[in-house]
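Chain naming here is simple, since letters A, B, ... match the order of the sequence lines and numbering starts at 1 in each.
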Amino acid sequence: MDTDPAVTLRIPAQGAYVVLIRAAVSAMCARLDFTIDRIEDIKLAVAESAALLLSDAPAGASLDVRLTPDAPDGLRVTMACPTVHGRTLPRDSFTWTVLTALVDGVVATVTPDRTLRIDLAAHRSEAVRP
Amino acid sequence: MTGAPAAGPGAASPEPPDAPATEARWSDRDRVRERELLALLATLDADDPRRAAARDEIVTMHLPLAAFLARRFRDRGESLEDLTQVATIGLLKAVDRFEPERGVEFSTFATPTMVGEIKRHFRDKGWAIRVPRRLQELRIAISRATAELGQETGRSPTVAELAAHLQVPEEDILEGLESAQAYATLSLDAAVAETAEEGASLADTLGAEDTALGEVEARATVHPLLAGLPARERRIVEMRFYENMTQSQIAERVGVSQMHVSRLLARSLAQMRTQLVADGTTAPPE
């Protein structure tokens, strides 16, 4: 299954909907045979990213999430949301420390229209051979 | 066997059948040792390496009391294991907050702290009301299976492995894992309702104000946030984010389940976020 399709999800930029992202991430990770430890870490990273994005989202905004299986054993999670101030995620922030500890790669970018985008890359690090 | 709360020849007083056996079994020697330790703790600096040992010893001495108090709350939809852990967290808090010069017995001081921690646990989570019994049982089964499979393979299991082991569909495992996180999700999305206007969740409140992420989140502010966490949570956050231990490794080190570690991490992060907002330069709206 090295060409699994990507999954996209668009939710209202409100805390109550973050649970939908968590559920989707969980199911996708299970499909890719990630271990429980990895799944919980990725969910935590996603929740942390969502909290950051929602903290500066204008009223009525949507949060876009894209889950892309990354052959042979990875998952990329891209979350993007319009922001009021167009700030990026500082590398000396606690959120950055948290994200980089939880997943293998973190990239934060701000587009000219002030959309903050957070890219998380995670791998199935522990040896699992189904 | 100094300090062990075992029944000595002098401890002849009969125990009431349903009382915490701890105090009744204590010898004078234990009481003396307890006072010594508490007095020592009161004099040591917060970062003194001797603190941990003294703290551990006091906590160990009072574990039966924590277990007793936890048992009083069983059959309310929480596992006794989890409740005992929560009571122990209360015990740790009590050790840290105790002031010997006030002349109160430590157990007298610690009991309401532990009961308070258990009650807060139920209140914060709304666990008994919100999560159906089937999911609670599933969560406990998953927790157990995670530990068992981890022992066999030396790594945490996959969802497929858990499903095969417990002979349930993978979807049930996902549901069970999510229900374990209901704690953290609730604390983030619902806990603020008491203070904020009705229906406004924490994330909404966050969205409505300028949190000045760039400055407020600077590294220097992380330390006070960490310091605001209970000792055990702080330690778990440090192990995960600064020492890069896995949740399973932390679980083993701390002596709780991996699911509990996951929950404590999520809750701690949520609490630190709340604290960030509370400490922010801008006041919440209204």
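With sequence neighbours left out, B:Ala231 forms a side chain to side chain contact (heavy atoms under 4.5 Å, CB included) with B:Arg55, B:Asp96, B:Arg234.
Only the side chain of B:Leu162 comes within contact range of chain A, with at least one heavy atom under 4.5 Å from a heavy atom of that chain. Heavy atoms of B:Val237 lying under 4.5 Å from chain A belong exclusively to its side chain. For chain A, the nearby parts of B:Gln247 are the backbone and the side chain; heavy atoms of each come within less than 4.5 Å. Interface remark: A:Ile39 contributes side-chain atoms only to the contact with chain B (heavy atom separation under 4.5 Å).
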Can you list the steps and then say if A:Val110 with A:Arg87 is a side chain to side chain contact (heavy atoms under 4.5 Å, CB included)?
CA-CA 7 Å; A:Val110 182; A:Arg87 278 186 299 257; over 6 Å; no
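Between the B:Arg240 side chain and the A:Val98 main chain, no donor and acceptor come within less than 3.5 Å of each other.
Contact check on B:Asp82 versus B:Arg139 returns a salt bridge, with a Lys/Arg side-chain nitrogen under 4.0 Å from an Asp/Glu carboxylate oxygen.
Residues B:Ser268 and B:Glu233 have side chains that never bring a donor and an acceptor to within less than 3.5 angstrom of each other.
For the options B:Ala160, B:Ala251, B:Gly150, B:Ser248, heavy-atom pairs under 4.5 Å to chain A are most numerous at B:Ser248. Between chain B and the residues A:Ala59, A:Ala50, A:Ala30, the largest count of heavy-atom pairs under 4.5 Å involves A:Ala30.
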